[in-house]
Amino acid sequence: MDLLSDLNEPQRQAVMHMEGPLLVLAGAGSGKTRVITRRVAHLISQGVAPWQVLAITFTNKAAHEMVDRIANLGARGVMACTFHSLCARLLREFAEEAGVSPNYSIYDQADQRRVARLALEQAKLPSGSLTAAQVLHTISRAKMQLQTAADFEQNAATSPMRQMAKIYSEYEKLLGAANALDFDDLLLRVAQLMGRRPDIRRLLGERYRFVLIDEYQDTNHAQYVIAHGIALEHENICATGDPDQSIYSWRGARIDNILEFEHDYTNATVVRLEENYRSTPQILAAADRLISYNRLRKAKGLFTQRPSGADVWVVCTHDEHAEAAEVVRRARELVARGMRHDDIAVFYRLNSLSRVMEDAFRRTGVPYRIARGVAFYNRKEIKDVLAYLKLMVNPRDDLACERIINVPSRGIGSTTLARLRDFAAGRGIGLLEAASQGRMIGELGKAAANKVAAFAQLVKQLAEGPLAPVRTVLESVLAATGMEQELRAIGGEEHEELANVAELVTAAGEFDRENPSATLPDFLHLVSLVSDVDRFEGSTGAVTLMTLHAAKGLEFPAVFIVGCEEGILPFRRMGEEETCDREEERRLCFVGMTRAMDHLTLTRARYRGLRGSRQRQAASPFLAELDGPQVRHVELRPPVEVQPIRQESGVDSELGELVEETPPTFDEGFYDVKAPAASVAAAPAGRDSDSADVAQSDGSVPHLPPGRRVRHPMFGTGQIVSTGRSGAYTKAVIDFDQYGRKTIILQFTRLELLA
DNA sequence: GGTGTACTCATTTTT
DNA sequence: TGAGTACACC
């Protein structure tokens, strides 16, 4: 396969680059993935061994895709993984040198929170001033900065910082006792190892002669240190990314890493991919205008050769329900014009905004799916099963033990558990070990001691068997614990929990097949670092709803960004201060916009129910920043209640008196188009609303010439007498068949054009 | 030891 | 508004 012929010049330059540091500044939609995969294939075609190439990605999914794509180019055996999975593997390989035991457990966020809570308790702070979330955040930040508990304590100048140091150190003690590492530890330990053992660092540098790091703008300090440690001697480091798409600083990502690459490697080759293959000029122009307000960036000259497309729309509605209705209406219109449902995506800043959208889609029967969902390995039943496996591998994993000591129910309650915990703490042993001791009778009473001992015995028996193949182990756990039966009892034969457990068994079977020599610990480390089973959804036939963060890296022919309001899109916490990082919020908006290929609509609501109370919402300042000649604004009127029949009006009509000024029932699509030249528009039905007609300067509307037959949603059919401007509105005088001559304000009414 | 109810407190999320 | 927690009660 020819790796170069269909590339543009900068792309080719990046692909053909061999030795030495390379920075690829890849604008949105500039073919970055293609460049990376081609470059790897090219390296290999030039004689580099596949196992000497290490490609590091942001997510597991990206890693899998990269392996697949590179394989499709004929290069197999390349290692693509995340920083975390790389480190988890290295810590098993160099367990002794790193000072960890190879059967360590990996604690996920929920585990970490529980540990943090315990640490808070044990640190016995004067008041409950710190929350577990704050503690975790601080500890996580420290670890990313490669600060150990001891380092942290040394730097703690203020009293609250000293408190934090105490909690950090308690937290570490708890993790240590459980033989567990959290996500940040994986990176921290490897970084420490490489610092302490130059020989190992060098060995890794020789092993991975070529290092590629994708999404470099979202790497943190620990990752930076690891990457540069590996590449220290050969400097064959290729970083790809886009500072304008750095949206994870709240997770410790440092945009400086990419901004300073040329400073780190003065001999770096820098390639800019500025041709966008994804979006129409309209979308690109608006996105570019927006992001140009950022100071912290490397200016790019994004351009596209795509032909002109539809304008970008900014829609303002009365409230979130009207907003949702309008998004659904437009989505349906796109589908009516031949687009598929899975070509359409709706993005929002806050998960809580999805509910109204969801309702609107459900009510109208438009298929949709939410891209968040509870991650598979976060489901309760899955975590329960996995906790058994974890405890078998790592008997000191107290969190796993606590989780399942009464699952399925064995009559071991919180009192027993508390006593057990005291007993274990007093002796410095793990919960499981404490449970196994007959002496517990004195502490717990005979009945409880027996229950607890039976549990310990069960786990022991399971752990004594062979630990592979994993599928078999899993099945024996399910059988021996009675979990399967319990699930069946709860959910019925065909219920979700059972199906999920069955899926876990299948996943284990696949793991066994793919990794014939691997055992349970390998499996557990793998699943701990994977958020979801890789079910490749492919074409789902549904509109996709997701957060702006989740949208990174994707593209859709049509994109809606909802909730473009001050406080939501530049997100701001309640206490008004400038807590938000304006530039990062702007990047987030930019990322969302640049996902769109052909159609982009940003919406906002004037009133929105937000955590209980309704508020008047101001427009996002970003809407003004992105505004320009390719951007059209629409304001939808609030729904107006239909007047009840008023007999006393004396009008002898079943409909009651029809007041001319009363706007008709409003359900969807009444436009008040603020077109540039102070002209207004009617939106003839049956036509693409994206091309609503603008009134001429004399007030006439092109599609509503005198004599034209139209249908009004309330007055029925009629004939245009004339059109004209009156103040801010464009009006049409219509002779209705039923009701005679009326004046209609076009902004309030959607007229259907009749043949 | 399990269940009901008052209370609080609100991003983004992959590893 | 609604999810998750703490605590009281049965």
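Numbered from 1 within each chain, the chains take letters A, B, ... in sequence-line order.
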In plain terms, say whether [X] and [Y] are close enough for a salt bridge, that is, a side-chain N and a carboxylate O under 4.0 Å apart.
X      : Y      : value
A/E584 : A/R587 : yes
A/R297 : A/E583 : no
A/R362 : A/D359 : yes
A/E93  : A/R89  : no

How long is the line joining [atom1] of [X] and [atom2] of [N], in whole Å?
X      : N      : atom1 : atom2 : value
A/Q134 : B/dT11 : CD    : P     : 13 Å
A/K143 : B/dT15 : NZ    : C1'   : 13 Å
A/H84  : B/dT15 : NE2   : P     : 8 Å
A/N220 : B/dT14 : CG    : P     : 16 Å
A/L136 : B/dT11 : CG    : P     : 15 Å
A/L588 : B/dT12 : CG    : P     : 11 Å
A/E215 : B/dT13 : CD    : P     : 15 Å
A/Q109 : B/dT14 : CD    : P     : 10 Å

Item to check | Option among A/L181, A/L399, A/D185 that satisfies the side chain to side chain contact (heavy atoms under 4.5 Å, CB included) test with A/Y107 | outcome: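 Only match with A/Y107 under side chain to side chain contact (heavy atoms under 4.5 Å, CB included): A/L399.
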Item to check | Pairwise P distance, C/dG4 and B/dT13 [rounded to whole Å] | outcome: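 Here B/dT13 and C/dG4 have their P atoms 15 Å from each other.
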Next on the checklist: Quick check on salt bridge (Lys or Arg N to Asp or Glu O under 4.0 Å): which of A/R608, A/R606, A/R572 does A/E565 satisfy it with?
Outcome noted: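 Answer after filtering A/R608, A/R606, A/R572: A/R608.
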Checklist entry - Which is true for A/F58 with a 4.0 Å heavy-atom rule: it touches a base, it touches only sugar-phosphate, or it touches nothing? => result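 Sugar-phosphate contact only.
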Next on the checklist: Using a 4.0 Å heavy-atom cut-off, does A/R113 contact any base of the nucleic acid, only the sugar-phosphate backbone, or nothing at all?
Outcome noted: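 Contact class for A/R113: sugar-phosphate only.
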Indicate whether OP1 or OP2 belonging to [N] is found under 4.0 Å from a side-chain N or O atom of [X].
X      : N      : answer
A/T547 : B/dT13 : yes
A/N60  : B/dT15 : yes
A/N351 : B/dT11 : no

Item to check | A/W250 ring over B/dT12 six-membered base ring, under 5.5 Å and 30° | outcome: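 Base of B/dT12: stacked against A/W250.
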Checklist entry - Going 5' to 3' along DNA chain C, which nucleotides are the first and last within contact of chain A (any atom under 4.0 Å from a heavy atom)? => result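 Answer, 5' to 3': C/dT1 to C/dT5.
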Checklist entry - Taking the nucleotide of DNA chain B with the closest heavy atom to each, which residue, A/Q112 or A/R349, is nearer the 5' end? => result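 Final value for this comparison: A/R349.
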Contacts under 3.5 Å, N or O only, protein and nucleotides 1-8 of chain B:
residue : atom : partner : partner atom : Å
B/dG1   : OP1  : A/G411  : O            : 2.7
B/dG1   : OP1  : A/G413  : N            : 2.9
B/dG1   : OP2  : A/G413  : N            : 2.8
B/dG1   : OP2  : A/S414  : N            : 3.4

Item to check | Anti/syn call for B/dT11, syn if |chi| within 90° | outcome: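 Syn, since the glycosidic angle lies within 90° of 0.
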Next on the checklist: Strictly by salt bridge (charged side-chain N to carboxylate O under 4.0 Å, His left out), give each pair with a member in residues 213-222 of chain A just once, sequence neighbours left out.
Outcome noted: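 Qualifying pairs: A/K32-A/D214, A/K32-A/E215, A/E215-A/K552, A/D218-A/K552.
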Polar side chain donor-acceptor pair, [X] to [Y], under 3.5 angstrom:
X      : Y      : value
A/Q615 : A/Y607 : no
A/Y171 : A/D182 : yes
A/D522 : A/N515 : no

Checklist entry - What nucleotide, of B/dT13, B/dT11, B/dT15, holds the atom closest to the side chain of A/E585? => result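 For the A/E585 side chain, the nearest candidate turns out to be B/dT11.
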